[in-house]
Amino acid sequence: LICAGEKDMALARSHGFNAICITGGEMSMPLSPTWFTGRDVVILYDNDEAGKLGAVKLATYLLPYCNTIKNCTNFHEVCKEDKEDITDFFNKYGKTREDLIQCMSNTPYFTEEDSVKNSPIPLITLQEATQPTNLNRLVRSNIQVAAVSEVQFALPCVITGEKMKTTGDAKETMVAGEVRDWELNDNNLVDILHLIDNNFKSKDIRNNAKELLHIPKTEKYVSIKYSEKAIVYKAYVTEMLESMNTDTMPMEYTCYSIGHRLESGKKYMVTYKLVPHPYKGQQLIMLITDVVTANDSVSNFVITDKVKNDLAVIQNIPGTLTEKVDTLVQKVKGLLGYDGNDTLITAMDLAYHTVLGFNFGSFKNVRGYLDTLIVGESRVGKSSTAEALRTTYQLGTFTSLAGNSATVPGLIGGSNKTNGGAFQTKAGLIPQNHKGLIIFEEFGKCNTNIVRELTDVRSSNEVRITRVSGTLTLPAMVRMISLSNVKTTSGEIKSIASYPNGISIVTELVSTAEDIARYDVIAILSDKGSKEINPMWRPEEPFADEIYQTRIRWVWSRKPEQVILSDEVCNYIIGAANDLNSKYDCHIKIFGTEAWKKVARLAIAVAAYTVSTDETYNNIIVKTEHVDWAVHFYVSLYDNPTFRLKEYVESERRYSVIDDDGVQLLTNLYIKAPALLLMLEQEARPSRNTLMAAVGLDTKDYNILMNQLIRGSFVKLVGNDVLPTERFRLGMAKVLRNETVT
């Protein structure tokens, strides 16, 4: 038992309890929390403000170390008067040992949630912390670690100065045997800046220690001893993205964390003081005393009656699933303030409403969030739609990939040397948004190495930062929405309608087939953004912002086991995926072997978007109607006059299969010009000039034969080169080459 003072402690011990107290009062902390490692602790502080606040503070301080801890205030129901204590419990009210045991038994265990909820320390933003009234005051904030330094410092928590002998000098201020001490506590945190970092030499630290002990630097024969050392870690932190006001620029602070190692890219709720640094021009420095998991709205989301009521508003939209989605899309236009593109809104909103993972049969924790690429003409509303959703949901972040504004270190992270010669590891934008969402603008203008890095992140769900001390791996499960115009080449601006199909648009932006295959949704918007505007158009009234915010936090907080996919639905998804592949399978794997995952992700997203759940509101229930909707949406994206995937597949298949008529045609051509066909068979990509020179054909005969090969889908012309197709090679394997034609 930890009691408020010596009197309470002695009385508790007389009743057979293992009781202690902490010198310095109820707001003081023990010198080392590690003394309580593995202990079962009950705090029994007085019934007054200092006792109540001190008990919460102490419980929070000891929570990471104790086996269990309780803040017992039940005995206050007996000791109801102000400042009454355990002594009154026994002496004034005549209670027994068993009565106190009962009070302690009825007290729930103290949790991290209790420390956050009951803390007397105000929870404010970093921007609020810079107000003069909050400087040098103990506060709490949600922060994100931008970078960590590789250096660490040993901080003495107790400094003792003892006068060993006197000299008779009139300037002496101490007598022999006199001891002065300094002990680190919440009130003197700023003192640590005189003891660590700043390139101090031993002599500097000794002189500074004397000042803390109020001993003149000139005082002789003083023994300075340092004890109870703690490790201090240096890092650089910013406002947690969710907490940050969208109208302000994020501020970065240097921080010293006492006893808690912060990890780059991670989010925490920290207890700290913001103080001016005495050696760095009064620059504000953060001194962190306590660290817990960040108090963000997703990880702390709890289903309450209000949450159920908010979700029911969306759940009870009348009509079929298609009609519900359409209603939601039309209401989003009320957030935009103009008649936006339906496909754009749907694709972007579904990308927002995705879970991190789901279970599918024997596959566990399959990636659940959509990776979306949206390509449209200028002024079609890509950025304004994304900004309206981000502002409403208060989740997600924007970044531009144009030119030099985006770098691999900026997105992924890196290690660099500071002015003092030490190294700091900085987490990039992607790991900082772990479990969040990033909207990439100007995707078509980014460097190829950026596309390659994004592909690696999507594949592994993590980033790797190379450091002097070894590679650091950070988790990076991030929802990504990439926005782009068509690729501009040689200064030429082309319209989407000028492309033969959507595949040619996408391959200009994403050069490799395997990278294209990793996108779950690709939306090509043919609108030119110049349609006639009706100034009198009035959108549907959107829902209140809190309803939208409740829904997305409900979705983002769902765990894989809370996404319900029955065996029937799983088999239905597999069947739907196979059907899509049979119709649209080609070299560019829009669906491919991962088709079942893509269909499942989109079906889960639309189920979450329309709040398909049970009476507990804990689960997302995926039904066959959601799978049907997902398949229909995919077909509407790819099988239309703009994307023309079906026509592309049919064209590609003409070059990849052979029939008897094709074999006969190729045989006839072989009889006419065997040297030409043999040359094509042996070369991967011969040029026109090489072919003509090798086979001895004049221009007229060469052109006649080449036109027949092209009409037969046996070759393609790529610039000045001739590319034999798969159909040609399959046919040549069946040509009877030993026949003699007279």
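Computed over heavy atoms, backbone and side chain alike; hydrogens, waters and symmetry mates excluded. Numbers for residues simply follow the sequence, beginning at 1.
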Test applied, side-chain contact (heavy atoms from CB on, under 4.5 Å); reference residue, Trp554; option that passes from Asp310, Val298, Leu311: Leu311
Whether Lys234 side chain and Val151 backbone form a donor-acceptor pair below 3.5 Å: no
Glu387 side chain vs Ser383 backbone, donor-acceptor pair below 3.5 Å: no
Residues Arg180 and His214: side-chain donor-acceptor under 3.5 angstrom: no
Within 6.0 Å of NZ in Lys280, more than 12 heavy atoms from elsewhere: yes
Salt bridge (Lys or Arg N to Asp or Glu O under 4.0 Å) partners of Glu442, counting only residues at least two apart: Lys445
Beyond-backbone contact of Leu184 with Val158, side-chain heavy atoms, under 4.5 angstrom: no
N/O donor-acceptor pair under 3.5 Å between Glu239 side chain and Leu126 backbone: yes
No-hydrogen, no-angle side-chain donor-acceptor test under 3.5 Å, Thr289 and Tyr272: no
Crowding at OH, Tyr109 (>12 non-hydrogen neighbours, <6.0 Å): no
Non-neighbouring partners of His76 that pass ring-ring contact (aromatic ring centres under 6.0 Å, His included), sequence neighbours left out: none
Within the 6.0 Å centroid threshold, strictly below: His260 and Tyr268: no
Greater than 12 external heavy atoms within 6.0 Å of Glu49's CD: no
Which residues share a ring-ring contact (aromatic ring centres under 6.0 Å, His included) with Phe543, sequence neighbours left out: Tyr548
Flag side-chain contact, heavy atom, 4.5 Å: Trp556 against Arg479: yes
Output field: ring centroids Tyr393/Tyr352 closer than 6.0 Å: yes
Over 12 non-hydrogen atoms of neighbours within 6.0 angstrom of NZ in Lys435: no
Check: Asn619 main-chain N/O paired with Thr613 side-chain donor or acceptor under 3.5 Å: yes
Pair Tyr61 and Phe36, ring centroids less than 6.0 Å apart: no
Test item: side-chain donor near acceptor, Thr73 and Tyr45, under 3.5 Å: no
Residues Asn74 and Thr107: side-chain donor-acceptor under 3.5 angstrom: yes
Side chains of Ile314 and Ile547 in contact at under 4.5 Å (non-hydrogen atoms): yes
